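Have a look at the structure below before the remarks.
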Amino acid sequence: MSRKQFRDLADPETARETIASLDLAPEPTEVPLREARGRVLASRIDAELDVPGFDRASVDGYAVRAADTFGADEADPAELELAGAVHAGVEPSVEVAIGECVEVSTGAVVPPGADAVVMVERTDEDAGVVSVRTALAPGDGVMFAGADVAAGERALGPGTVLTPREIGLLSALGVDSVPVRGQPTVGIISTGDELVRPGGDLDSSAGEIYDVNSYTIATAVEAAGGEARLYPHAGDDYEAMESVLREAADDCDLVLSSGSTSASAVDVIYRVIEDTGELLLHGVAVKPGKPMLVGRIADSAYIGLPGYPVSALTIFRTFVAPAVREAAGLPEPETATVSGEMAVRERYSEGRQRYMPAGLVADGDGTTLVYPVDKGSGATTSLVEADGVVSVPPDVEYLDAGERVTVHLFSPDVRPPALFGAGEDDPALSRLLDRVDRPRHLGVGSRQGRRRLRDGVTDIAVVTGDADIDGAVTLGGWRRQWGLVVPAGNPDDVSDLSDLVDRELRFVNRTTDSGLRGTLETALESLAADRDRDVAGLFSDIDGFGLAVRAHESPARKVRSGDADAGLGLRATAEKLGLGFVPCGTEQVQVLADASRTGKDGVEAFRQALDDLPAVAGSLPGYDS
Ligand SMILES: Nc1nc2c(c(=O)[nH]1)N[C@H]1C(S)=C(S)[C@@H](COP(=O)(O)OP(=O)(O)OC[C@H]3O[C@@H](n4cnc5c(N)ncnc54)[C@H](O)[C@@H]3O)O[C@H]1N2
Ligand code: MOO
């Protein structure tokens, strides 16, 4: 089977122009006013009536002839005869003659003869005579007919985005349905045999994954003013893709697929487009998102997003969302940028325009630091753990530490974390972070945590083992019991670490970045010394010593699923998952803070949260404050 090769990549501007040349805009439509929020008026609306439709009392009080109150004040009130009353929603049956007044409530029709309304607070009434303690000018206390909007006036123009304010005006005009721009219908098709919709059962051993793109792109379409339609995901074969694409093209203004854009033998979607429609572009010099496609199928526009979730969403945000907004008649949203200094040096030399996900953190002086958050295009956390994107031109090979860069925030209301930490992923830490406003913690293990603290990226590091870092102070810490997580009831009768070495047990380790791995190795080193053996040989006697998983619960989960006999873990994890536990020792977890950042509100808040440590540790088996 032939494979796609990416030799000539289009530049981003060409991609933008090609997408702009597609026609996504649907016909205008009419919607009930009640459902019109966020829609865009398709044509002008003129007032068909005066609002208010009558001279309306704006206060509770008495309708008067202003001339009758001339010269009145507290010392010398005007005395008027009470001729009757008019309430809101009732046609007046009295007139105000010279020397008279009529009681009115707010919103009532001002009765004939009157030209002003005095507030009840400035009057006294006694036996049918009202003393008015202030002088009024004509129009005081009255909203005249048509003063809000007059019949024939231009009320709202085409292109107006309908918010509650405009819906208020249209309600006042009695309009109950409005002509609006159509919302482009966008068909969403994820491709790939491996995909399962969230909620379905997942067989990870068969390489199945949850479908991230369908809901992500559907919600992004809606946020851009389109109407998303989800189609069942298409398997990795030509016929399946062709039939779903045709079906979606029949129904929608734009079809968006994800996946199958690249170079593998099953990445055939470009051929389906070539055969059933028109392929206008394949491959753009951007990162992420290089293999995107643009084309047409029947009367519908088509854009192929790459399968990797970060690539798909970045391409959507950068190239597709503006076209959807344009078709829906929506203005480009307010964007916000923040300027900051690169916290670390970042190398890059692929010659493509890069949209680098970046996080923000304030250092001790309040300087904004920017750090790359790139866990790769396949990691959804690459975007969740970032605050925005730095656009790096194709000819830039690296960004130096300290270099000034501009971050385009994901939205203007993005606020950087108040507390930024990295290191151990730990259940006590998770509970403590819940007590802090806007924390961000990267569970990258002790080693990486120390490195980021040393590099001046994070405010705190949560580590086991070596806690001696220049310029760092200890905020607090706790002890946790570690050992071997085994199946419930410990069926293999595992009693200590030597069983891993001496018996045929399938073990699951943690990665070398994790503190627990360091603690295990230290314990095994002393076992090797007791036995007068070389430590590497001891490690190699353990079946699975090299089988390392990143997350702190993962070894225990492998034990629970029957894929391992013992895993490195904590007592707290074993008990949480209903598994057995063989204790091997306790280790100290320490929270270190960059000494120059202890004045930050978030760091101070975390220090206060540490006061709750006895309660937190008391709720976790094997924990001690
Ligand atoms: N030999 C080459 N390999 C790749 C190249 C290349 O130029 N040569 N390009 C890489 C780049 S860049 C990208 S981006 C991806 C694009 O891949 P596809 O669009 O073909 O997407 P798939 O292969 O179908 O999937 C990639 C990846 O993403 C996962 N995926 C797909 N759809 C979803 C979804 N709806 N939800 C969650 N995850 C999804 C899929 O399982 C794969 O892991 O190709 C590189 N390879
Ligand atoms: O273009 Mo791919 O999106 O670099 O990951």
Side-chain angles (χ1 to χ4, degrees), residues 1-12 15 187-200 202-204 206-221 228 230-238 240-241 244-245 256-273 279 281-295 302-320 348-357 372-384 389 391-392 394:
M1 195 176 276
S2 71
R3 287 176 181 231
K4 176 79 191 176
Q5 303 255 332
F6 290 97
R7 291 208 184 83
D8 301 316
L9 298 173
D11 60 79
I188 291 164
I189 302 165
S190 290
T191 69
D193 291 326
E194 71 279 27
L195 301 180
V196 177
R197 280 273 163 87
L202 200 66
D203 182 358
S204 294
E208 288 182 351
I209 55 169
Y210 282 119
D211 173 2
V212 175
N213 295 341
S214 290
Y215 293 169
T216 310
I217 300 303
T219 44
V221 162
L230 289 172
Y231 288 81
H233 80 264
D236 281 316
D237 67 279
Y238 186 102
M241 287 184 205
V244 193
L245 284 171
L256 280 182
S257 65
S258 71
S260 185
T261 60
S262 192
S264 108
V266 295
D267 294 337
V268 294
I269 210 153
Y270 76 95
R271 276 199 266 125
V272 180
I273 305 303
L279 184 62
L281 182 149
H282 189 187
V284 182
V286 293
K287 182 187 170 70
K290 173 184 75 177
M292 74 181 283
L293 305 115
V294 183
Y302 168 77
I303 297 172
L305 306 170
Y308 278 134
V310 173
S311 313
L313 189 54
T314 304
I315 292 300
F316 183 87
R317 285 173 44 85
T318 313
F319 295 96
V320 189
Y348 172 71
S349 56
E350 287 181 45
R352 291 186 261 156
Q353 164 72 41
R354 184 176 179 198
Y355 305 109
M356 180 183 84
V373 186
D374 207 346
K375 292 164 97 176
S377 299
T380 48
T381 42
S382 289
L383 295 182
V384 172
V389 167
S391 283
V392 190

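Fair warning: this is a prediction, and the values are worked out from it, not measured in the lab. As a basis for the values below, the full set of heavy atoms in this structure was taken, side chains included, without hydrogen atoms, waters or symmetry mates. All ligand and atom numbering here is 1-based and tracks the order in the structure.
- Heavy-atom contacts of K290 reach the following atoms of ligand 2: 1 (O) (cutoff under 4.0 Å).
- Geometrically, ligand 1 and P306 share no nitrogen or oxygen pair separated by less than 3.5 Å.
- When heavy-atom distances to ligand 1 are checked against a 4.0 Å cut-off, S311 comes that close only through its side chain, counted from C-beta outward.
- In terms of polar-atom proximity, defined here as any N/O pair under 3.5 Å, N213 does make such a contact with ligand 1.
- Residue E194 holds the heavy atom nearest to atom 41 (O) of ligand 1 of all those in E194, K290, M292.
- Below 4.0 Å from some heavy atom of Y210 lie the following atoms of ligand 1, by number and element: 36 (N), 37 (C).
- Within ligand 1, counting atoms from 1 as listed, the ones closer than 4.0 Å to a heavy atom of S260 are 18 (P), 19 (O), 20 (O), 21 (O), 22 (P), 24 (O).
- A donor-acceptor pair shorter than 3.5 Å can be found between the side chains of K375 and T381.
- The atoms of ligand 1 that sit less than 4.0 Å from any heavy atom of G259 are 19 (O), 21 (O), 24 (O).
- For S377, no heavy-atom contact with ligand 1 is shorter than 4.0 Å.
- Between L305 and ligand 1, no pair of N/O atoms sits closer than 3.5 Å.
- Around atom 44 (O) of ligand 1, the closest heavy atom drawn from G378, A312, S262, P288 belongs to S262.
- For ligand 1, none of its N or O atoms has an N or O atom of R352 under 3.5 Å away.
- A distance of 12.0 Å separates OH in Y270 from CE in M241, rounded to the nearest 0.5 Å.
- Under 4.0 Å from ligand 1, not a single heavy atom of D236 appears.
- Across Y210 and G199, no two heavy atoms sit closer than the pair CE2-N, 4.0 Å.
- Residue contacts with ligand 2, taken as heavy atom pairs separated by less than 4.0 Å, do not involve R354 at all.
- Looking at heavy atoms from C-beta onward, V284 lies in side-chain contact with L281 at the 4.5 angstrom threshold.
- At least one heavy atom of G289 sits less than 4.0 Å from an atom of ligand 2.
- At a heavy-atom distance under 4.0 Å, only side-chain atoms of S377, from C-beta outward, approach ligand 2.
- Using a 4.0 Å cut-off to heavy atoms of S190, the atoms of ligand 1 that qualify are 35 (N).
- Residue-ligand proximity, T261 to ligand 1, at heavy-atom distances under 4.0 Å covers atoms 16 (C), 18 (P), 19 (O), 20 (O).
- Taking every non-hydrogen atom of I209 and a distance limit under 4.0 Å, the qualifying atoms of ligand 1 come out as 37 (C), 38 (N), 39 (C), 41 (O).
- Taking every non-hydrogen atom of D211 and a distance limit under 4.0 Å, the qualifying atoms of ligand 1 come out as 34 (C), 35 (N), 36 (N).
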